[in-house]
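Shown next, in structure tokens, is the structure this report addresses.
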Amino acid sequence: MLDVRRIRERPEEVKERLAIKGGSYPVDQIVEVDRERRKRLVDLENLKARRNRVSQEIASHKRNREDAEEKIAEMRRVGSDIQALEDRITEISQHLHELLMETPNTPLTMVPAGADANDNVAVYHYGQPTTFTFEPIAHWMLGERLGILDFERAHKLAGARFSLSKGLGARLARALSNFMLDHAAERGYEEVLPPFLANRDALFGTGQFPKFENDVFRVEPAELFLIPTAEVPLTNMHRGEILAQTALPIKYVAATSCFRFEAGAAGRDTRGIIRQHQFEKVELVQFVHPEMSEAATEQMRRDAESVLEDLGLPFRTMLLCGGDMGFTQALTYDLEVWMPSYGRYVEISSVSNMTDYQARRAEIRYRSQGSRKTEFVHTLNGSALAIGRTLAAILENFQTADGHIRVPDVLEPYMKTERI
RNA sequence: GGAGGGGUGGCCGAGUGGUUUAAGGCGCACGCCUGGAAAGCGUGUUGGUGGGCCAAAACCUGCCUCGAGGGUUCGAAUCCCUCCUCCUCCGCCA
């Protein structure tokens, strides 16, 4: 959620920034509705001030056993005026809130303009697309042949877009998860094992709701939702809190399952484990001082990139253009790993700076040491990494001519074998 | 699942319809006192959101805020309803 005061005071600047994302947003309307709301608020508060004052007088009359009927009758009228005005202001406020909800975060100045993924800018490369002396096989074929991925039985259990891994496949997933958690812990992230279900307020706080309600699984009979990413529980841990400035930055890492309905992705990535209803992911989240957020984003990007580098997987890092960015993001890097079966780079991580947009929705503040004033923190998150896609990338990039998989050195202590 | 009891400021804790603009204590900050400190004394100490002052800061001022949301009332921390959460006991359970 954008700061309504910023829109009120500098609407042109906000419009300019939003233009980078493309589309049209109700900035002028927000300014107008906000003005209307504040105007009526003054009237309401004057009425309430009067009621408070006269109520004191009534109390004083009652104590002195004097008649207060006239004032009570007067306040009865004032009370109904207040009620009517309050109802009107509630309507206006809801309208204003809806308009603000339709307005995405403003991109940082370094974000390039552009309409879609074609306008993203590659900012970093590691390795080269893998070359083979034989015909490489797709991970879903390899996985089934090696008996480490089983799609048919997973479909029997839960339907399409589910898979299961077993044997060394399951161990590889666990190895990746443990390796990535350790990797993050070395970089100062505190490990968290959060609930995999979250309530409506949490989904709203991180910005999945109200816009993407159709993309998550709702769990009956409680009003709970399977988390689409650990960003939801990790960021909402501090929802409604005022943090000490000395506590910043707060850095969390969690390995969780993630659940996405993938509505609108019908027919896309139907083979393999690239796009599933359930997948595992190691997620990084940071709460930082606003002045530190750009540097922290670069650092988090390195935290994610170094996972791929340690594994030895070829990838590139893309700075997303305005048109390809998410709703709540002010800056996003996508890490894309080379996937031989696709013959192209495939997203394996996304590192984003939400500036204060999420913090404002979720009311996460900090109190600066000198002053008593509270400010919103900046929130960052990034995957490091998506387990399933990393597993697929390892199968495909490290397959050998005899149909086996070379285990990356850094995983050997976890795998207890050099090859699958 | 059953029965009962709680949720008040940074913390503890009083408060069952009107001098409560939330008592008192602890902690913290500043000041006085002191050679310096302790003690003592004094002042301040939830957050949010409006208005005023050319802008900012400071300052003045209104409204809201006693787990959350509704309701009753001229007036609600206090009464009623719904929800969340914590604790105790019983039952069940990885």
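A note on names: the letters A, B, ... follow the listed sequences, proteins ahead of strands, and every chain is numbered from 1.
- Rounded to a whole angstrom, the distance from the C1' atom of B:rU61 to that of B:rG4 is 48 Å.
- Comparing B:rG62, B:rG47, B:rG75 by their closest approach to the side chain of A:Glu45 singles out B:rG62.
- Here A:Arg53 lies out of heavy-atom contact (under 4.0 Å) with every strand.
- Contacts of A:Arg50 with the nucleic acid, taken as non-hydrogen atoms under 4.0 Å apart, are absent.
- Nucleic acid contact class of A:Lys48 (heavy atoms, under 4.0 Å, all strands): sugar-phosphate only.
- In this structure, NZ of A:Lys71 is placed 14 Å from C1' of B:rG18, rounded to the nearest angstrom.
- If you take CG of A:Leu47 and P of B:rG51, they are 17 Å apart, rounded to a whole angstrom.
- Rounded to an integer number of Å, the gap from A:Glu9 CD to B:rG50 P is 10 Å.
- Across B:rG18, B:rC63, B:rG50, the shortest atom-to-atom separation from the side chain of A:Asn52 is found for B:rC63.
- B:rG7 and B:rC66 have their C1' atoms separated by 10 Å, given to the nearest Å.
- Closest to the side chain of A:Arg367, out of B:rG48, B:rU49, B:rU46, is B:rU46.
- Within 4.0 Å (heavy atoms only), A:Asn199 reaches no atom of the nucleic acid at all.
- One interatomic measurement links the two molecules: CD1 of A:Ile72 to C1' of B:rU73, which rounds to 10 Å at whole-angstrom precision.
- The nucleotide whose nearest atom lies closest to any side-chain atom of A:Arg365 is, among B:rG48, B:rG62, B:rC64, B:rG48.
- In this structure, A:Arg389 does not pair ionically with A:Glu336, as no charged nitrogen and carboxylate oxygen lie closer than 4.0 Å.
- With P as the reference atom, B:rC28 and B:rC84 are 39 Å apart, rounded to whole Å.
- With both ends at atom P, the span from B:rG27 to B:rC11 equals 16 Å, rounded to whole Å.
- Rounded to an integer number of Å, the gap from A:Leu41 CG to B:rG62 P is 15 Å.
- Under the 3.5 Å distance criterion, with hydrogens and angles disregarded, no donor-acceptor pair is assigned to the side chains of A:Gln56 and A:Asn52.
- Distance check on atom C1': B:rU21 versus B:rC83 gives 31 Å, rounded to whole Å.
- Nucleic acid contact for A:Gln56: sugar-phosphate only, since backbone atoms but no base atoms lie under 4.0 Å from a heavy atom of the residue.
- Ring pair A:Phe327/A:Phe212: centre-to-centre distance not below 6.0 Å.
- When the side-chain nitrogen and oxygen atoms of A:Arg76 are compared with OP1 and OP2 of B:rC74, one or more of them lie within a distance under 4.0 Å.
- For A:Met75, the listed nucleotide lying nearest its side chain is B:rC74; candidates were B:rG18, B:rG47, B:rC74.
- The A:Val42 side chain lies nearest to B:rG51 when the options are B:rU49, B:rG48, B:rG51.
- Nearest nucleotide to the side chain of A:Val4, out of B:rC74, B:rG50, B:rG48: B:rG50.
- For A:Ala49, counting side-chain heavy atoms from C-beta on, the closest listed nucleotide (B:rU19, B:rG62, B:rG48) is B:rG62.
- Of the residues listed (A:Thr328, A:Asn353, A:Asp356, A:Thr355), the one engaging A:Asn105 in a side-chain hydrogen bond (donor to acceptor under 3.5 Å, both in side chains) is A:Thr355, and it is the only one.
- With P as the reference atom, B:rA22 and B:rG62 are 13 Å apart, rounded to whole Å.
- For the OP1/OP2 pair of B:rA68 and a distance below 4.0 Å, the side-chain nitrogens and oxygens of A:Arg200 include no atom meeting the criterion.
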Please test A:Leu311 against A:Thr390 for side-chain contact (heavy atoms from CB on, under 4.5 Å), starting from the C-alpha separation and ending with a verdict. CA-CA 9 Å; A:Leu311 290 168; A:Thr390 307; 3.7 Å; yes
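- As rounded to whole Å, 14 Å separates atom C1' of B:rG51 from atom CD1 of A:Ile89.
- The nucleotide whose nearest atom lies closest to any side-chain atom of A:Arg51 is, among B:rG51, B:rC64, B:rU49, B:rC64.
- Listed candidates were B:rG50, B:rG18, B:rG62. Nearest to the side chain of A:Ile58 is B:rG18.
- Checked by atom type and distance alone, the side chain of A:Glu280 never pairs as donor or acceptor with a backbone atom of A:Ala173 at under 3.5 Å.
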